[in-house]
Protein chains: 2
Amino acid sequence: MSKFQQIAIEIEKYIKENSLQKGEKLPIIDELKAKFGVSKSTILKSLDMLERKGVVYQVRGSGTFFRGQKPRGFVSLLSNQGLTNNLNDYKITSEVIKFCTSKPTQEVAHHLNIGMDNELYCVKRIRYLNEEALSLEESFFNKSIVMYLNNEIVTGSIFRYIKNGLGLKLGFSDRYLHVDKLSAEEANYLGLEQGEPKLKVETIYHLKNGQPFVFSKINYSYKQSKFFLQTHNDSFEVTHA
Amino acid sequence: MSKFQQIAIEIEKYIKENSLQKGEKLPIIDELKAKFGVSKSTILKSLDMLERKGVVYQVRGSGTFFRGQKPRGFVSLLSNQGLTNNLNDYKITSEVIKFCTSKPTQEVAHHLNIGMDNELYCVKRIRYLNEEALSLEESFFNKSIVMYLNNEIVTGSIFRYIKNGLGLKLGFSDRYLHVDKLSAEEANYLGLEQGEPKLKVETIYHLKNGQPFVFSKINYSYKQSKFFLQTHNDSFEVTHA
DNA sequence: GAGTGGTCTAGACCACCCC
DNA sequence: GGGTGGTCTAGACCACTCT
């Protein structure tokens, strides 16, 4: 792991160990520089990373400050990993409804940028949070990238397996959200009534090299799902009119 | 504006003018370096910014590539500005239901980190997209920061005014989302039925110096609201177990 | 004015991809 | 092995805040 990542971890550890409160100041850059024996740019890169992660904010001429504790029980919408990493303190289980190989529909082929004759793994499962239905999830894996899945893997954290088991390097994802009413079938799986609210999230996951490899559609129960999102103005608003 | 921002804009312009398609390669860093007459780090910073913005992705040992056109008609959940910047091609209008000054509730005081005796501007309005109700929005502005608002401003893009009119520097925001059923009152404003789905989004906006200055609650109609979100693995998954 | 973060440079060296 | 991005350095200079 690179220095700046290591240092970012150390700084997070520092925040935790010193029980910093929201708005409290971190050591200044020169101090961190001395402490870790690296150049200013490296410290800056660590702090930038923590800023993007929502851990700190930097104020020119003033200092770097802790942004505060993350709310518990909320799923972060940033992060390319499933729920398992997000809800550490909660018990997440899965019930697999369908697990098979098949050819893509046109929609899926398009999202995964593959031909109609490409093989896929299809997984449909219900996820439970503390025994209560959280989401109904259908995923399509490009089998030429995710070469192997079995029932056991599919019952647990598929993303952890993809990363640690297969050693694939996750890159970025595109996510589409909209609110709608549950169909009769969906309601049945989630223990709710037809027509009740759901959040539908469609995600295309890409490897580091830009190749899409999973398309997933998730319907979240309105009773359980709370999401969290932190943003900041990386001069984001700049456009070329 | 700094060089790297300027260059980022130039690169976006290049992508547009050359009609790059998804996955097409951009000039390599050395070329960009020469073209703009700056050091490698500066180019890197521009590309990193574009990567975080979801415009490009970089592959070590291979190159930098265009990530593709943004979907139209979706509201990006990143970005600290209201709808007006997001839905350029659409006609956004507002109907102001309430506009007044008042003291905060306990909830609002907490989110804005102020005392119960602090003055606020309260704005409640319905936003329409192409004449159809999109959202019901209630916002609370810390009056000691947002010193002045009037009916005209409140009918348009409040954020544009805050940035350009008042010259305040927007920083970051915390956003909480959940799906729920419309109350009778909400449904009435949005032209829907009680119990139909909504997306409730609560946001706390902060200035660059970390000071919270607006708290807003928005209820989106399920008929209109489509959201979009791009993420990437800035080594995000790193945690200190 | 002193303190502190932000930008930028020139160059060294490393890690990964692809032929 | 050649091409290309990623990390890191040491230091100069700038911009903002705070008192």
Side-chain angles (χ1 to χ4, degrees), chain A residues 1-9 11 23-52 55-67 145 167-172 206-211 232-235 238, chain B residues 1-9 11 23-52 55-67 167-172 207-211 232-235 238:
Chain A
M1 185 174 325
S2 49
K3 278 192 198 175
F4 80 89
Q5 288 179 332
Q6 199 61 56
I7 290 171
I9 293 174
I11 294 174
E24 265 193 88
K25 192 172 175 183
L26 275 72
I28 66 171
I29 291 179
D30 271 344
E31 265 179 68
L32 295 170
K33 231 178 82 168
K35 178 169 176 187
F36 294 109
V38 297
S39 72
K40 183 178 172 183
S41 324
T42 303
I43 297 295
L44 243 334
K45 211 165 177 195
S46 303
L47 291 177
D48 283 353
M49 183 181 145
L50 291 177
E51 184 164 51
R52 287 200 300 279
V55 176
V56 303
Y57 58 94
Q58 295 177 81
V59 184
R60 166 144 37 183
S62 177
T64 305
F65 304 87
F66 180 45
R67 194 157 153 183
I145 297 174
L168 293 174
K169 285 182 211 145
L170 277 57
F172 51 90
H206 306 255
L207 297 179
K208 259 214 161 108
N209 69 8
Q211 201 170 5
H232 37 107
N233 257 1
D234 271 328
S235 339
V238 179
Chain B
M1 185 174 328
S2 49
K3 278 193 199 176
F4 81 91
Q5 287 178 334
Q6 199 61 55
I7 291 171
I9 293 174
I11 294 174
E24 265 193 88
K25 191 171 172 179
L26 275 74
I28 64 172
I29 291 178
D30 272 342
E31 266 178 69
L32 295 170
K33 230 179 81 168
K35 180 170 175 186
F36 294 109
V38 297
S39 72
K40 183 178 173 183
S41 325
T42 303
I43 297 294
L44 243 334
K45 210 166 176 192
S46 304
L47 291 177
D48 283 352
M49 183 182 145
L50 291 177
E51 184 164 51
R52 287 199 301 279
V55 176
V56 304
Y57 58 94
Q58 296 177 81
V59 183
R60 188 189 318 228
S62 178
T64 305
F65 304 87
F66 180 44
R67 195 157 153 182
L168 292 175
K169 285 182 212 148
L170 276 57
F172 52 91
L207 297 178
K208 259 216 162 103
N209 70 8
Q211 201 169 5
H232 35 107
N233 258 0
D234 271 329
S235 340
V238 179

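Letters A, B, ... mirror the listed sequences (proteins, then strands); counts begin at 1.
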Q. Listed in order of residue number, which residues of residues 58-66 of chain A have a non-hydrogen atom at under 4.0 Å from DNA chain C?
A.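 Those residues are A/Gln58, A/Val59, A/Arg60, A/Gly61, A/Ser62, A/Gly63, A/Thr64.
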
**Q.** Counterpart residues, side chain to side chain donor-acceptor pair (under 3.5 Å), relative to B/Ser2 (two or more places apart)
**A.**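 With neighbours one apart ignored, the set is B/Gln5.
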
Q. B/Ser39: what forms a side chain to side chain donor-acceptor pair (under 3.5 Å) with it, not counting sequence neighbours?
A.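 B/Ser39 satisfies side chain to side chain donor-acceptor pair (under 3.5 Å) with B/Thr42 once adjacent residues are dropped.
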
Q | Nearest heavy-atom neighbours spanning B/Leu32 and B/Pro27 | A |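 Residues B/Leu32 and B/Pro27, closest heavy atoms: CD1-O, 3.7 Å.
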
Q.
For a quick test of reading the model, state the closest non-hydrogen atom pair linking B/Lys25 to B/Ser62 and the distance between them.
A.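 Closest approach of B/Lys25 to B/Ser62, heavy atoms only: NZ-O, 3.1 Å.
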
Q) Bend angle of the helix from C/dG1-D/dC18 to C/dC18-D/dG1 from five-pair axes at both ends, rounded to 10°? A)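 Axis angle across the helix from C/dG1-D/dC18 to C/dC18-D/dG1, nearest 10°: 20°.
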
Q. Considering only heavy atoms, which members of residues 27-44 of chain B lie under 4.0 Å from some atom of DNA chain D?
A.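 Going residue by residue through residues 27-44 of chain B, the ones with a heavy atom under 4.0 Å of DNA chain D turn out to be B/Ile28, B/Ile29, B/Lys40, B/Leu44.
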
Q: Decide yes or no on side chain to side chain contact (heavy atoms under 4.5 Å, CB included) for B/Thr64 and B/Glu51, but give the supporting numbers first.
A: CA-CA 9 Å; B/Thr64 305; B/Glu51 184 164 51; over 6 Å; no

Q. Who pairs with B/Gln211 by side chain to side chain contact (heavy atoms under 4.5 Å, CB included), at least two apart in sequence or on another chain?
A.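 B/Gln211: side chain to side chain contact (heavy atoms under 4.5 Å, CB included) contacts with B/Ile145, B/Leu207, B/Asn209.
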
**Q.** Test side chain to side chain contact (heavy atoms under 4.5 Å, CB included) applied to B/Lys33 - qualifying residues, sequence neighbours left out
**A.**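 Counting only residues at least two positions away or on another chain, B/Lys33 forms a side chain to side chain contact (heavy atoms under 4.5 Å, CB included) with B/Asp30, B/Lys40, B/Ile43.
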
Q) Mind checking what makes ring-ring contact (aromatic ring centres under 6.0 Å, His included) contact with B/Phe66, not counting sequence neighbours? A)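 So B/Phe66 forms no ring-ring contact (aromatic ring centres under 6.0 Å, His included) with any residue.
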
Q: Return the set of residues passing ring-ring contact (aromatic ring centres under 6.0 Å, His included) with B/Phe65 (not counting sequence neighbours), or none when no residue passes.
A: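 Once residues adjacent in sequence are excluded, the partners of B/Phe65 under the ring-ring contact (aromatic ring centres under 6.0 Å, His included) criterion are B/Tyr57.
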
Q) What pairs meet the salt bridge (Lys or Arg N to Asp or Glu O under 4.0 Å) rule with one or both residues in residues 55-67 of chain B, with sequence neighbours excluded? A)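 Qualifying pairs, neighbours excluded: A/Asp174-B/Arg67.
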
(Q) Need to verify one output field. Residue with the more 5' nearest nucleotide on DNA chain C, A/Asn209 or B/Lys45? (A)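 Final value for this comparison: B/Lys45.
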
**Q.** Point-to-point distance, once rounded to the nearest 0.5 Å, from CD1 of B/Ile29 to CG of B/Leu44
**A.**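 Rounded to the nearest 0.5 Å, the CD1-CG separation comes out at 4.5 Å.
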
Q) In Å, rounded to the nearest 0.5 Å, how long is the span from CG of B/Leu47 to CD1 of B/Ile7? A)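 Reported value, rounded in 0.5 Å steps: 9.5 Å.
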
Q | Where chain B begins and ends its contact with DNA chain C, read 5' to 3' at 4.0 Å from heavy atoms | A |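 Going 5' to 3' along DNA chain C, contacts run C/dT7 to C/dC17.
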
